[in-house]
2 protein chains.
Amino acid sequence: MSTEPTRRGRKAAKTSPAASAAPAPAAAPVAPSRPPAAIADRAGMRQVADRAGVAMSSVSRVLSGHPDVSAAMRSRVMAAVEELGYEPNMLAQMLRKGATQTIGFVVGDISNPLLAQIALGAEVALRAAGYAMLLTNSVNQPNLDATHIRLLQQRRVDGLLLSLSDETNDQTIEALSATPTPSVLIDRDLRTRTEESAVLSDHAAGITQAVEHLVGLGHRRIALIAGSPHVRPTRERINALEEAVEAHPEVHAQVRPGAFTEVHGGAATRELLDGRRPPTAIIAGGNQILVGVLGELAARQVRIPDDISLVTCDDVPLAKFFTPTLATIGRDPYEMGAEAAALLLARFGGAEPGVITLPTSFTGGRSCAAPPRTAPPAQGERP
Amino acid sequence: MSTEPTRRGRKAAKTSPAASAAPAPAAAPVAPSRPPAAIADRAGMRQVADRAGVAMSSVSRVLSGHPDVSAAMRSRVMAAVEELGYEPNMLAQMLRKGATQTIGFVVGDISNPLLAQIALGAEVALRAAGYAMLLTNSVNQPNLDATHIRLLQQRRVDGLLLSLSDETNDQTIEALSATPTPSVLIDRDLRTRTEESAVLSDHAAGITQAVEHLVGLGHRRIALIAGSPHVRPTRERINALEEAVEAHPEVHAQVRPGAFTEVHGGAATRELLDGRRPPTAIIAGGNQILVGVLGELAARQVRIPDDISLVTCDDVPLAKFFTPTLATIGRDPYEMGAEAAALLLARFGGAEPGVITLPTSFTGGRSCAAPPRTAPPAQGERP
DNA sequence: GTGAAAGCGCTAACAG
DNA sequence: CTGTTAGCGCTTTCAC
């Protein structure tokens, strides 16, 4: 950090940002009888109609591309629209039509590049179909999910895209039940509900491949540092690891669920390495977790892959230049977003809720090698 | 990539996502006279009033926390609200009140972690003040900026946060001029306008520090690979580099503006290294650019910092584990978002447009060292 | 083809 | 304290 923030106004602006959290006390001394018109003087359809000397309904027809309008009418109206710089008020249209052409996206943490990419994919697809996206951020606080679902319902979104921070939260389930609009779950699985469409990732396939790879290299002690146990990806990964290991009785698997955070990644790594049977390979179950794992390994001067092998789920931007290159279980988040949007649009078109599973891929890297010949003595290990 | 996407429906869902891009042909055989109620049967305030046996205005008063309501009235109304699961229709409120409690955020590229972080900071601050955020993504296409500004205006947002992809676009300026609501520019400078508030980063300070550091190490040929010349950060960085170099006549500076992309980063690096006076230090002007630079350096087996020194602007998540540690010109994007929100809220409170400049920081790293003693012969260099 | 009229669901005077 | 009354800006019958 260098200097303090500098504040300089253009028009002697005394700009005190922290101030006025309140909506706006309205400077008007006398309360006006009309709605306070927080929005400046903007021409409405009424003005356009008057200026063109026609009825409002005609303006409406022209603007909505109704076929039964004379060329003369069309040009008169358009002229007036131009002159007044008229912009239709979608609020009124929405209220009248009962549809907002808006979908809500409840996302756990938009600062996570994975989710940002999903949001991007969804937004592009939605916009192409004429929908805008209202985005809310639960900052990974489960109780905010329900709040946001209700908030979006009050704004009468036409549908919901949900990347919930907790699948098991009762309030969330309740809020969802009260939702009359179609919804699409993104890599989440709410067993109690079948009304929602879902786009899922095949985490099991990726984990299985990774485990086979590691076992093939000679690893016998594999750990998975997973994220929150309240979401599908974590459960799927854990299940997949346990199943994969069943096929190899000689392999000992350890699982450390927790949270999708750097802190958890670091703490779990510490715990594992200090444990009775330190793993020779770690699978980091998320990009934030990866950062924590790397930090702890670096701090201990544990070398990759000489001392320990590493696989990550969901790579991070710079991962490809990391030395050694990281073995990765990846997927295409942009496509997930796009498919989620498609699933929602399909429901608007009358389709039933659907589920689609997208593949994951395992890419080997230099971060995996044979375990050290002089494996640290498994302290107190019993036969 | 492994397998093909698997599609399995729950209720024999024939889920054809790509289908039905059209809003919804409406399955109803006979066109209803009322608005098509795309939204299911939801109780309105009318129903609540009837059920409670009171006037709508009373329901409204209770729900909006008006002081003059008897306890009896309050409980009767709340009971009806509960029973009907009533959710107020914000659309109607917005139309009536002339304010939407929504702000629009025009962002060039949400998949850029820097902008995602800014969006997060803004959203949190805005939500705390009761505002929701409508986000649009210009995918770095300048012509989309204007489109999105208009789109948000039609939705009657109360204010705009703008991270434009091009400051010089006429359409954008025009759209902005037609905007009656307050706006805040994020690290952008529209010379022709003073109506907008702005939150800026002090890029010059960071660049200056970096240059001094490099010169101190002995570098005499420094290159800046910058992003789009149509946005403030690029201009500021270029100006700062040129000014900093003026103080050191022995230093030769080269600048390669272009785009905030990996491709440009790689191409510019190639060009510079193949040029007449290859730099001994490169400053990467953006996180995507950095990726391109690193890629090209790796491909050529150019070592950092042995063969070349490297500084990056705006680090990426994994940067701290990059070997060698990267010297970085950083800033706090979350705070930028929060300050932008504050500036907007201040305007709602009646304040004039204001400008606030936030600091940047330079953090040295192992990626900078003295230039190689055997500097590559400056081919065809002239005295 | 075009106009008149009736609301979408809610709030805010204004009376009582 | 509570009810009545007018709309916010637009779309959509329904007549002409």
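Values below: every heavy atom of this structure, side chains too, minus hydrogens, waters and symmetry copies. Lettering follows sequence order; numbering is per chain, from 1. Quick caveat, the model's predicted, so the values are computed rather than measured.
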| task | Confirm from the modelled atom types if B:Ser57 and D:dT4 form a donor-acceptor pair under 3.5 Å, side chain to base only. | result |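 Yes, a donor-acceptor pair under 3.5 Å.
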
Any N/O donor-acceptor pair, A:Arg61 side-chain to C:dG3 base, under 3.5 Å: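 Check passes, donor-acceptor contact within cut-off.
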
Step-by-step side-chain contact (heavy atoms from CB on, under 4.5 Å) determination, A:Thr100 to A:Arg155:
CA-CA 9 Å; A:Thr100 56; A:Arg155 286 180 183 257; over 6 Å; no

[X] [atom1] - [N] [atom2] separation (whole Å):
X	N	atom1	atom2	result
B:Leu91	C:dC10	CG	P	10 Å
A:Asp50	C:dG3	CG	C1'	13 Å
B:Leu84	C:dG9	CG	P	14 Å
B:Arg46	D:dG3	CZ	P	11 Å
B:Met45	C:dG7	CE	C1'	17 Å
B:Leu95	D:dT11	CG	C1'	13 Å
B:Met94	D:dG9	CE	P	15 Å
B:Arg42	C:dC10	CZ	C1'	15 Å

Checklist entry - What's the spacing between A:Ile103 CD1 and A:Arg127 CZ if we round to 0.5 Å? => result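 Between A:Ile103 CD1 and A:Arg127 CZ, I get 11.0 Å after rounding to 0.5 Å.
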
If you round to the nearest 0.5 Å, how far is CE of A:Met78 from CG of A:Leu63?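 The CE atom of A:Met78 is 6.0 Å from CG of A:Leu63, to the nearest 0.5 Å.
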
Heavy atoms under 4.0 Å, any strand shown: does [X] hit a base, just sugar-phosphate, or nothing?
X	answer
A:Asp68	base
A:Ser60	base
A:Val54	sugar-phosphate
B:Ser58	sugar-phosphate
A:Met56	base

Toward the 5' end of DNA chain D, by each residue's nearest nucleotide, A:Pro88 or B:Pro67: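 Looking at the nearest nucleotide for each, B:Pro67 comes out on the 5' side.
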
request  = Establish, from distance only, whether the side-chain atoms of B:Gln153 and B:Thr181 form a donor-acceptor pair under 3.5 Å.
outcome  =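 Looking only at side-chain atoms, B:Thr181 and B:Gln153 do form a donor-acceptor pair, the distance falling under 3.5 Å.
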
- Task: Ignoring the backbone of A:Asn89, work out which of C:dC8, D:dC10, D:dT2 is nearest its side chain.
- Result: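 Selected nucleotide (nearest to the side chain): D:dC10.
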
The side chain of A:Ala55 lies closest to which of these nucleotides: D:dC10, C:dA4, C:dC10?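 For the A:Ala55 side chain, the nearest candidate turns out to be C:dA4.
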
- Considering just the side-chain nitrogens and oxygens of B:Gln93, establish if one lies under 4.0 Å of OP1 or OP2 belonging to C:dT11.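 Affirmative; the distance criterion is met.
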
Take atom CD in B:Glu83; do more than 12 heavy atoms of anything else shown fall under 6.0 Å from it?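 It does: B:Glu83 CD has more than 12 such atoms within range.
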
